[in-house]
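The block underneath contains the structure these notes are about, expressed in structure tokens.
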There are 2 protein chains.
Amino acid sequence: MKIIQNISAELLKADIKPSWQRIKIYEFLLNNNIHPTVDTVYKKLAKEIPTLSKTTVYNTLKLFEEHHLIKNVNIEENEIRYDAQNHIHGHFKCTQCGKIFDFKYNYKDLKYKGLDDFILNQTDVMIKGICKSCKEKNKSN
Amino acid sequence: MKIIQNISAELLKADIKPSWQRIKIYEFLLNNNIHPTVDTVYKKLAKEIPTLSKTTVYNTLKLFEEHHLIKNVNIEENEIRYDAQNHIHGHFKCTQCGKIFDFKYNYKDLKYKGLDDFILNQTDVMIKGICKSCKEKNKSN
DNA sequence: TTTCATAAATGTAATGATTACAAAATTAAA
DNA sequence: TTTAATTTTGTAATCATTACATTTATGAAA
């Protein structure tokens, strides 16, 4: 749980003017590592900020992304999800229950062929499969 | 360049009845490793098959994917792309020119933490950055 | 060949996420 | 306070995808 002042300071450090909406949106992302969609963020915060517009959520999240405060995680086909975690991790999507799991991997050991003289800014490892819980559920049937 | 008979046989092997549309769509994917969108496939083939419907392209590509003949590559935020290559490779997206590059990586060395007892079906490595050509273009400015 | 049943393809309409845009509200500066 | 700039808001437009009903093609049986 980060307090508002810290959040405000982090926004400023990223060259983002800390408006109330921006603070609340960033706070939500920091306190909810659930790779939320725009709609999820909007619905949760609309309770606290009744005047909140979905366009604001879209604009704000895009702004955060451009300032490298959060990452755009391309897990689902049809919607953007965001992730505010700053440690390197991969995403596992269970194709049965739809849940998304974080996992760690040895990213330092990764070697690439074909990307000489390319600038690598963001690496994502995405795995699809069946999660433990679904796997066990399937066994019992 | 695969010939029609081979393509037909491959479809049958995947339990897919080889209709003319399906053959042409699969042929296009095999001969064009460009991670095409549905729209790209549709537009190219509409010239050869004037009656082709975009819905058919959607349905067919989904069918191919369900039968593990092709893969759904989640490179862009807003559209599905497909890949018929069967060797393991990653995708690099240049955030400047938008081009997508394939690259090889040492996938056998990848180790995961947090996915014990999970079934891993498909692993994707996606990198965003600046390609060599754009990097050099930027230098000269 | 004709008939019938099934599968595949087609076209249109609906959905839903995202974006464009202009107006309203807020903030900062003068 | 006045003014300008920034941020937020709401509505309308866009565009990829899907739903669905109709038409067409295919294949087997008579």
Side-chain angles (χ1 to χ4, degrees), chain A residues 4 7-8 11-12 14-28 35-67 69-83 98 100, chain B residues 4 7-8 11-12 14-28 35-67 69-83 98 100:
Chain A
I4 302 292
I7 293 173
S8 193
L11 289 177
L12 281 170
D15 259 322
I16 295 171
K17 214 176 285 179
S19 75
W20 184 241
Q21 285 88 336
R22 288 172 178 173
I23 289 172
K24 295 307 282 180
I25 291 173
Y26 192 40
E27 182 191 38
F28 178 81
H35 321 93
T37 63
V38 172
D39 196 59
T40 304
V41 177
Y42 170 71
K43 279 189 181 143
K44 290 277 176 182
L45 290 180
K47 291 171 190 164
E48 284 183 70
I49 312 170
T51 64
L52 186 66
S53 159
K54 197 178 263 192
T55 303
T56 300
V57 180
Y58 270 104
N59 292 339
T60 303
L61 291 172
K62 186 168 281 181
L63 182 74
F64 287 176
E65 193 192 356
E66 284 163 0
H67 286 70
L69 212 54
I70 64 176
K71 280 174 191 156
N72 172 334
V73 184
N74 228 331
I75 309 177
E76 306 280 347
E77 287 78 29
N78 56 336
E79 56 192 5
I80 303 178
R81 284 168 180 272
Y82 287 96
D83 193 338
I100 290 154
Chain B
I4 302 293
I7 294 173
S8 193
L11 289 177
L12 281 169
D15 260 321
I16 294 171
K17 215 176 284 178
S19 75
W20 185 239
Q21 285 89 336
R22 288 171 176 174
I23 289 172
K24 296 306 283 181
I25 291 173
Y26 191 42
E27 182 191 39
F28 178 82
H35 322 94
T37 63
V38 172
D39 196 58
T40 303
V41 177
Y42 170 71
K43 280 192 179 140
K44 290 278 178 182
L45 290 180
K47 290 170 190 165
E48 284 183 70
I49 313 168
T51 64
L52 186 66
S53 160
K54 197 179 264 192
T55 303
T56 301
V57 181
Y58 271 103
N59 291 340
T60 303
L61 290 172
K62 185 169 281 184
L63 182 76
F64 287 176
E65 192 192 355
E66 285 164 0
H67 286 70
L69 212 53
I70 65 176
K71 279 174 192 156
N72 173 335
V73 184
N74 229 328
I75 309 178
E76 305 281 349
E77 287 78 29
N78 56 337
E79 57 192 5
I80 303 177
R81 285 169 179 272
Y82 287 97
D83 193 339
I100 290 154

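Everything numeric here is computed off the predicted structure, so don't read it as measured data. Just so we're on the same page: letters track the sequence lines, and every chain starts at 1.
Rounded to whole angstrom, the span from the OH atom of A/Tyr26 across to the C1' atom of D/dT7 amounts to 20 Å. B/Leu52 places its CG atom 12 Å from the C1' atom of C/dG11, with the value rounded to the nearest Å. Summarising the geometry, the separation between CG on B/Leu63 and P on C/dA8 is reported as 8 Å, rounded to the nearest angstrom. One interatomic measurement links the two molecules: CZ of A/Arg22 to P of C/dT27, which rounds to 12 Å at whole-angstrom precision. Spacing between atom CG of A/Leu11 and atom P of D/dT6 amounts to 18 Å, rounded to whole angstrom units. The interatomic distance linking A/Ile80 (CD1) with C/dG16 (P) rounds to 18 Å, in whole Å. The nearest whole Å value for the distance from the CG atom in A/Asn78 to the P atom in C/dT18 is 8 Å. The distance from atom CG of B/Leu61 to atom P of D/dT18 is 11 Å, rounded to the nearest whole Å.
Backbone-only contact: B/Thr51 has heavy atoms under 4.0 Å from sugar-phosphate atoms and none from a base. In this structure, B/Thr56 reaches the bases: a heavy-atom distance under 4.0 Å links it to at least one base atom across the strands shown. Within 4.0 Å (heavy atoms only), B/Thr55 reaches at least one base atom of the nucleic acid. A/Lys54 comes within 4.0 angstrom of no nucleic acid atom, judged by non-hydrogen atoms across all strands. At a threshold of 4.0 angstrom between heavy atoms, the contacts of B/Asp39 with the nucleic acid are absent.
Considering only heavy atoms from C-beta on, B/Leu63 stays 4.5 Å or farther from B/Asn59 through its side chain.
Between C/dA7, C/dT19, D/dT7, one nucleotide has an atom nearer to the side chain of A/Lys17 than all others, and that is D/dT7. Side-chain atoms of A/Glu79 lie closest to C/dA17 of the nucleotides C/dA17, D/dT8, C/dG11. If you check D/dG10, C/dT18, D/dT17 against the side chain of A/Ser53, the one that comes closest is D/dG10.
Within the 4.0 Å cut-off from OP1 or OP2 of C/dT27, not a single side-chain nitrogen or oxygen of A/Ser19 is found. Regarding contacts with the backbone of D/dT18, every side-chain N or O of B/Tyr58 stays at 4.0 angstrom or more from both OP1 and OP2. Between A/Gln21 and D/dT9 there is a side-chain N or O to OP1 or OP2 distance below 4.0 Å.
In this structure, B/Lys62 and A/Pro50 both approach DNA chain D, and ranking their closest nucleotides by distance from the 5' end singles out A/Pro50.
Each of A/Thr37, A/Thr40, A/Leu61 was evaluated against A/Tyr82; a single residue qualifies, A/Leu61, per the side-chain contact (heavy atoms from CB on, under 4.5 Å) test.
The distance from atom OG1 of B/Thr51 to atom CD of B/Gln21, rounded to the nearest 0.5 Å, is 6.0 Å. For the atom pair CG (A/Leu11) and CD1 (A/Ile25), the distance works out to 10.0 Å, reported to the nearest 0.5 Å.
Salt-bridge formation is detected for the pair B/Glu27/B/Lys24: a Lys NZ or Arg NE/NH1/NH2 atom is positioned less than 4.0 Å from an Asp or Glu carboxylate oxygen.
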